[in-house]
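Atom set for the values below is all heavy atoms of this structure, side chains included, hydrogens, waters and symmetry mates excluded. Each chain gets a letter, A, B and so on, in the order its sequence line appears, and its residues count up from 1.
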Number of protein chains: 2
Amino acid sequence: MPKQVDHRERREAIARALWRVVEQRGVAQLSLREVAREAGMSHGQLQHYFASREAMLTFAMDFATEQTTLRVDRRLAELGDRPHPRDVLRVMLTELLPLHADARATSRMSAAFVLEALHDENIRARARDGIAQGRAAVEQLLRRAVADGYVHPDRDPVVETHLLLALTGFTTLLELQVIEPRDTLTAIDQHLDRLFVEDAEDDHGAG
Amino acid sequence: MPKQVDHRERREAIARALWRVVEQRGVAQLSLREVAREAGMSHGQLQHYFASREAMLTFAMDFATEQTTLRVDRRLAELGDRPHPRDVLRVMLTELLPLHADARATSRMSAAFVLEALHDENIRARARDGIAQGRAAVEQLLRRAVADGYVHPDRDPVVETHLLLALTGFTTLLELQVIEPRDTLTAIDQHLDRLFVEDAEDDHGAG
């Protein structure tokens with residue numbers, strides 16, 4: 001195996017160890033030493049791959065974003081060539097929520113990163129950039145959906161983007177088992193149903 | 001001052017010190033020792049008021065809930081004798097968001113508590129109870145609003161309750177300054193506008 005690939009794979013294995021620490025024991029336990037233990041290597045070996053806690057954390061977050069994007073892309077591919085924008089938004093939103101094991105791991109990683117961001121300028125800048133990219137993607141999709149007659153023309157794409165992003169608040173409700181996964185999907189579906197014009201494919205521009 | 005009152009006041013002062021640790025330095029710094037330092041007392045003195053980290057944390061969370069309820073009640077009193085249910089919901093929701101300094105302190109306390117809840121059974125049970133009480137209050141208000149013709153009769157109070165609770169997801173967007181407070185209020189107002197029938201006071205039951 002080429003050295004470069006091996007290096008990348010080891011970093012990904014460390015990132016997954018970090019996710020496990022965050023998921024199982026919480027962000028308070030998140031130190032280089034604890035992640036090294038979980039990854040089954042020495043503190044010194046881990047430092048060969050990451051020079052600092054921040055470098056490790058940032059890589060682990062980028063890797064979580066990559067894995068989330070892969071899951072979204074896989075589910076979008078199942079929707080066929082010209083997916084309905086409602087279905088695209090549903091996939092994007094639900095893959096951010098801890099509705100299954102893989103999504104729970106990346107969701108907790110993301111929550112830990114946000115928490116670090118509150119007290120670290122560099123991490124805050126990166127966390128903001130990540131969310132800003134997601135926001136831009138949702139807003140672009142909604143603008144096009146309005147133009148194509150899928151979304152009621154009186155809806156403001158910026159406001160609707162903000163509401164959809166805010167619905168990631170289901171994360172806490174799911175984590176604490178206050179709301180069941182099924183009820184979460186029902187609520188998201190109702191929100192999307194009201195955003196989109198019925199049968200727009202047959203009747204573009206209908207209000 | 002009676003001893004009992006003094007004891008309660010000292011506990012509240014410690015709770016506020018705990019909030020400051022969480023707000024300024026993050027939940028990772030949240031130890032009895034760190035809170036004692038912030039409260040300007042020794043570790044031993046603090047233990048006179050709280051026997052354990054969990055007892056201290058639970059009291060600080062209960063106190064945050066109390067303070068949030070007081071803020072909500074004060075704002076509701078300003079709405080007069082028979083407030084519109086839309087205005088009541090708006091106050092309840094926005095006082096949970098970090099839109100001003102007091103609300104940011106209690107919001108960060110609440111986020112820290114949720115985080116602890118993920119890895120502590122007792123705290124999880126308490127966190128769930130707290131949210132469940134809030135959910136029950138919102139659902140009851142919505143059921144009455146549907147019955148009184150304020151809310152569209154085709155709306156399901158349970159689903160609408162879930163969506164309103166999920167909108168606490170604005171917390172992260174505000175904390176990371178991805179969305180401005182003004183844009184948050186605009187989005188919440190649009191969500192509420194669509195939930196409530198226009199001019200229901202003059203025209204009960206209008207669809």
Checklist entry - Any idea which heavy atoms bring L163(A) and A187(B) closest together, and the distance? => result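 Shortest heavy-atom separation between L163(A) and A187(B) comes out as CD2-O, 3.5 Å.
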Checklist entry - Between A166(A) and L167(B), what is the shortest heavy-atom contact and its length? => result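 Scanning both residues, the minimum pair turns out to be CB-CD2, 3.8 Å.
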Checklist entry - So, the side chain of R128(A) versus the backbone of L176(B): is there a donor-acceptor pair under 3.5 Å, distance only? => result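 Yes, because the side chain of R128(A) sits within donor-acceptor range (under 3.5 Å) of the backbone of L176(B).
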Checklist entry - Is a side-chain N or O of R135(A) found less than 3.5 angstrom from the main chain of V178(B), in a donor-acceptor match? => result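 Yes; judged by distance alone, with no hydrogens or angles, the pair exists.
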Item to check | Structural part of L115(A) lying under 4.5 Å from a heavy atom of chain B | outcome: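 L115(A) touches chain B through side-chain heavy atoms alone.
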Next on the checklist: Given heavy-atom pairs under 4.5 angstrom as the criterion, report whether the side chain, backbone, both or neither of H119(A) touches chain B.
Outcome noted: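 Side chain only.
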Item to check | Contact check, side chains of L118(A) and R108(B), non-hydrogen atoms, under 4.5 Å | outcome: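 In contact.
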Checklist entry - Are H162(A) and T184(B) side-chain neighbours, meaning at least one heavy-atom pair lies under 4.5 Å? => result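 A side-chain contact under 4.5 Å is absent here.
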Next on the checklist: I'd like to verify something: which residue of R194(B), E175(B), H191(B), Q177(B) has the highest number of heavy-atom pairs under 4.5 Å with chain A?
Outcome noted: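 Max contact count across the listed options: R194(B).
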Checklist entry - What's the spacing between I179(B) CD1 and L165(A) CG if we round to 0.5 Å? => result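 That separation rounds to 5.5 Å.
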If you count every heavy atom of other residues, nucleotides or ligands that lies below 6.0 Å from [X] atom [atom1], does the total exceed 12?
{"X": "Q140(B)", "atom1": "CD", "result": "no"}
{"X": "E54(A)", "atom1": "CD", "result": "yes"}
{"X": "E180(A)", "atom1": "CD", "result": "no"}

Item to check | Ion pair check, R25(B) and E116(A), cut-off under 4.0 Å | outcome: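 Here R25(B) does not pair with E116(A) in a salt bridge, since their nearest N and O are not under 4.0 Å apart.
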Item to check | Best-contacting candidate, T168(A), I131(A), L30(A), against chain B by heavy atom pairs under 4.5 angstrom | outcome: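 Sorted descending by pairs with chain B, the first entry is I131(A).
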